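Remarks on the structure that follows.
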Number of protein chains: 2
Amino acid sequence: LSSDPLARFRDRFALPDGVIYLDGNSLGALPKSTPARIAEVIEREWGRDLITSWNKHGWIDLSQRVGDKIARLVGAGPGEVMVADSTSVNLFKLLAAALRLRPGRCILLSERGNFPTDLYVAEGLVELLGQSHELRLVEPEEIPGAIDDGVAVVFLTQVDYRTGRLHDLAEITARAHQAGALMLWDLAHSAGALPVDLRGAGAEFAVGCGYKYLNGGPGAPAFLYLRGDLQESIKTPLTGWLGHAAPFAFETAYRPAPGIGRGRVGTPPILSLAALEIGVDLMLEADMAEIRRASIALTEQVIAAVETRCPELRLVSPRDPARRGSQVSFAHPEGYAIVQALIARGVIGDFRAPDILRFGIAPLYVRPKDIDAAVAHLRAVLDGREWDRPEFRTHAAVT
Amino acid sequence: LSSDPLARFRDRFALPDGVIYLDGNSLGALPKSTPARIAEVIEREWGRDLITSWNKHGWIDLSQRVGDKIARLVGAGPGEVMVADSTSVNLFKLLAAALRLRPGRCILLSERGNFPTDLYVAEGLVELLGQSHELRLVEPEEIPGAIDDGVAVVFLTQVDYRTGRLHDLAEITARAHQAGALMLWDLAHSAGALPVDLRGAGAEFAVGCGYKYLNGGPGAPAFLYLRGDLQESIKTPLTGWLGHAAPFAFETAYRPAPGIGRGRVGTPPILSLAALEIGVDLMLEADMAEIRRASIALTEQVIAAVETRCPELRLVSPRDPARRGSQVSFAHPEGYAIVQALIARGVIGDFRAPDILRFGIAPLYVRPKDIDAAVAHLRAVLDGREWDRPEFRTHAAVT
């Protein structure tokens with residue numbers, strides 16, 4: 001028992017029998033306490049107390065309250081994190097804010113393999129600004145050398161969504177600062193998966209996702225982090241009424257709310273936001289160092305078992321656990337169909353183009369025996385050529 | 001019975017006993033079928049089918065499906081409306097898109113009394129664009145004369161949030177087009193409250209709110225309308241992965257999805273979106289012309305009763321029902337405290353600074369006898385000077 005200090009968490013999730021869920025990095029599992037809480041929000045708060053719930057049940061403060069909780073998971077302080085919008089929209093706000101802080105510099109630097117939405121958002125911003133700025137994309141190993149005095153902001157996703165490769169957050173942040181650039185981290189695959197220390201690194205900005213390792217539910221709102229000392233000098237271009245200093249004074253001109261309040265735009269989706277709080281609360285009961293230890297042990301187990309039993313698959317995640325997030329990915333030419341065949345057997349991972357099988361490890365509900373069973377299923381899929389069925393080769397809308 | 005064809009809808013909402021709810025224009029009431037549907041989305045779709053629900057339960061198409069339903073309420077066609085983000089964020093997308101379609105024009109025209117978030121969003125956009133554009137604000141009666149050949153886009157909220165004054169959507173749109181300007185309508189207080197004919201008027205753009213008359217729940221996602229023939233020539237600056245032509249191809253460069261798909265940015269909040277669908281479905285069962293007839297009868301009743309029994313209040317809504325949305329507003333120096341005293345009696349309206357008492361009329365659940373009772377309570381509050389208690393004079397966070 002002492003060898004698995006996270007075992008007690010497994011029972012807090014409503015995972016169906018017969019399913020081995022290795023896709024918590026796409027959509028976290030359902031905490032058992034979520035349905036009752038959402039029923040309460042719907043029936044008691046919305047249904048019975050109606051509009052008065054904005055005050056009576058604290059809806060107006062919910063984004064900030066959940067933000068303060070997430071802050072504890074990413075090494076930020078109270079008042080430095082706000083829940084709002086989607087990761088993409090938050091990235092737009094912060095990239096634009098960053099450019100304003102470095103008016104003499106015109107480069108937004110990232111890596112070519114960053115999660116596409118991050119690149120699309122930067123591209124959209126550059127286009128809106130009339131090409132006065134440049135989106136510069138390099139290979140990951142070229143990043144340190146590419147941060148020069150023309151770079152306004154470096155924006156990277158800490159954990160690569162395909163391979164799970166982990167950037168050294170402190171080191172790259174220091175390198176950016178050395179060159180006078182600002183640093184923005186996308187923590188989509190980090191928050192809730194491994195210890196993050198934004199303040200320790202001194203990063204200015206971060207965004208992250210509520211529906212992966214935070215178990216906030218499908219499309220849960222995202223979060224943004226704005227380093228405390230910078231907040232008063234920042235104004236994002238998405239200036240909506242809930243980011244105003246006095247939303248209910250209905251003034252004609254915008255005055256940003258003090259602090260992190262300016263990170264909000266419109267009215268937050270309360271049902272989805274309340275579900276996110278349940279996921280975050282559950283995560284806060286665990287110890288992040290413990291989660292990381294379990295995550296490393298489990299990913300090491302995946303690698304050893306697959307390499308021993310399924311050598312047809314080629315490891316594409318870093319072999320060094322210190323350079324790997326909480327997932328393991330392999331390449332195989334029939335990757336898509338193999339993932340579908342595994343799902344048919346109840347082993348849920350996912351596929352990323354062109355040929356990557358991706359297995360997310362959420363230590364709160366993935367156990368060593370799940371890994372053993374999953375790899376046995378994988379061996380059986382390969383032995384039986386189960387992937388070679390028409391129904392597994394037809395690509396669905398969402399892969 | 002035939003005199004109240006909407007009576008059967010009243011029982012479809014879970015309104016608490018003893019409450020007269022006249023704030024459906026801030027937060028619509030809870031449809032009785034919402035809790036079970038959301039429990040199903042949480043427990044069966046998220047909990048049991050997990051990530052596979054994006055395909056299996058059509059989550060990936062949900063924004064578009066609900067958009068197509070809302071389209072029927074606002075005179076738009078299939079594929080012209082998308083549910084996404086908040087009203088503020090959608091307005092940002094469309095204003096930016098409008099400016100790109102009129103590169104030689106630099107004025108964004110609106111009225112000074114537009115809902116503040118609309119003005120803040122335009123202000124934020126103008127500032128981001130380096131003041132190459134101008135936000136010009138005039139009084140409502142000055143709008144037609146202010147639309148000249150320097151105006152790129154006119155953006156107005158059809159129903160004034162304080163007074164309920166209703167703009168002539170067709171007439172102002174025609175005037176904008178006559179001057180070569182584009183037209184963007186904010187339908188926050190129109191959708192579900194009165195018949196709207198976007199295509200009939202030829203308006204290019206619209207945004208609207210899911211949590212008011214559409215009964216989608218607190219902070220329900222908003223919608224945007226993009227006139228069909230323009231869609232292929234429009235690219236919004238918020239270019240996120242779900243607005244990409246092939247989100248799961250994970251391409252490095254952005255290619256907008258065909259049609260209205262490009263109106264999406266990030267992953268939508270599925271719980272809140274599913275609740276919105278229930279509200280919209282319920283609305284679609286009713287006849288919008290019937291709703292409008294009932295709305296006019298009820299608002300006429302409010303005006304007659306208040307003016308007869310409570311002459312201390314001054315009507316600030318238009319007296320002509322053709323120029324009024326589905327709300328009635330009055331001014332009184334003690335407006336805030338009177339609204340609080342009414343809420344204490346179970347009559348829920350709201351207050352808008354500086355002195356406006358606002359009563360929203362949602363004909364699906366507000367009945368003639370509710371109006372009689374509400375006005376009797378108002379008379380009692382005034383007679384007893386109930387508003388003059390310290391607890392009613394302390395402003396809450398949300399008013």
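The shown structure was predicted, so the numbers you read here are calculated from the model rather than taken from an experiment. Residue numbers begin at 1 in each chain, while the letters A, B, ... track the order of the sequences.
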Q: Show the numbers, then the answer: is there a side chain to side chain contact (heavy atoms under 4.5 Å, CB included) between B:Leu128 and A:Arg100?
A: CA-CA 9 Å; B:Leu128 185 65; A:Arg100 288 179 179 181; 4.0 Å; yes
Q.
With chain B as the partner, which of A:Phe115, A:Tyr211, A:Tyr120, A:Trp54 has the greatest number of non-hydrogen pairs under 4.5 Å?
A. A:Tyr120
Q.
Which atoms of A:Ser86 are under 4.5 Å from chain B, going by heavy atoms: the side chain, the backbone, both sets, or neither?
A. side chain
Q: Of all the heavy-atom pairs spanning B:Asn55 and A:Ala397, show the shortest one and how long it is.
A: OD1-N, 3.3 Å
Q. With respect to chain B, which residue among A:Ala39, A:Gly216, A:Pro116 yields the maximal number of heavy-atom pairs within a distance under 4.5 Å?
A. A:Pro116
Q | Spacing of A:Leu273 atom CG and B:Leu271 atom CG [to the nearest 0.5 Å] | A | 11.0 Å
Q. Going by heavy atoms in the side chains, are B:Pro16 and A:Leu50 under 4.5 Å from each other?
A. yes
Q: List in chain and number order the residues that pass side-chain contact (heavy atoms from CB on, under 4.5 Å) with B:Arg352, two or more places apart in sequence or in another chain; answer none if no residue qualifies.
A: A:Phe248, A:Phe250, B:Ser26, B:Tyr161, B:Arg162, B:Asp350, B:Ile356, B:Arg358, B:Thr399
**Q.** For chain B, the option from A:Pro354, A:Gly210, A:Gly124, A:Ala275 that forms the most heavy-atom pairs under 4.5 Å
**A.** A:Gly124
**Q.** Top contributor to chain B contacts, counting heavy-atom pairs under 4.5 Å, from A:Leu119, A:Thr252, A:Ile60
**A.** A:Thr252
Q: Enter the distance from B:Leu30:CG to A:Glu45:CD here, rounded to the nearest 0.5 Å.
A: 12.0 Å
Q. Taking every heavy-atom pair that is under 4.5 Å apart, which of A:Ala353, A:Ala396, A:Pro268 has the most such pairs with chain B?
A. A:Pro268
Q. Between A:Ala249, A:Gly266, A:Ala253, A:Ala220, which residue shows the highest count of heavy-atom pairs closer than 4.5 Å to chain B?
A. A:Ala253
Q: Heavy atoms only: give me the nearest B:Ser88-A:Gly240 pair and the separation to one decimal.
A: OG-CA, 4.2 Å
Q) Measuring heavy-atom distances to chain A, does B:Asn90 have an atom under 4.5 Å in its side chain, in its backbone, in both, or in neither? A) neither
Q: Starting from the C-alpha separation in whole Å, work towards a yes-or-no answer on side chain to side chain contact (heavy atoms under 4.5 Å, CB included) for B:Trp59 and A:Val398.
A: CA-CA 10 Å; B:Trp59 289 351; A:Val398 177; over 6 Å; no
Q. Is it the backbone or the side chain of A:Ile348 that comes under 4.5 Å from a heavy atom of chain B, or both, or neither?
A. side chain
Q) Is there a side chain to side chain contact (heavy atoms under 4.5 Å, CB included) between A:Tyr21 and B:Ile51 once you walk through the steps? A) CA-CA 9 Å; A:Tyr21 194 56; B:Ile51 190 71; 3.5 Å; yes
Q.
Using heavy-atom distances under 4.5 Å, tell me whether A:Val126 contacts chain B through its side chain, its backbone, both, or neither.
A. neither
Q.
Using heavy-atom distances under 4.5 Å, tell me whether A:Leu135 contacts chain B through its side chain, its backbone, both, or neither.
A. neither
Q | Contact summary for A:Ile42 and B:Pro35, nearest pair of heavy atoms | A | CG2-CG, 3.9 Å
Q: Looking only at non-hydrogen atoms, find the nearest pair between B:Thr267 and A:Gly219 and report the distance.
A: CG2-CA, 3.8 Å
Q: Tell me, for A:Leu129 versus chain B, whether the close heavy atoms (under 4.5 Å) come from the side chain, the backbone, both or neither.
A: side chain
Q | Contact list for residues 12-23 of chain B, test salt bridge (charged side-chain N to carboxylate O under 4.0 Å, His left out), sequence neighbours left out | A | B:Arg12-B:Glu285
Q) Side chains of A:Thr34 and B:Trp46: does their closest heavy-atom pair fall under 4.5 Å? A) yes
Q. Using non-hydrogen atoms only, which part of A:Ile343 is less than 4.5 Å away from chain B: side chain, backbone, both, or neither?
A. side chain
Q) Just by modelled atom types, is the B:Tyr254 backbone N or O under 3.5 Å from a matching donor or acceptor in the A:Glu123 side chain? A) yes
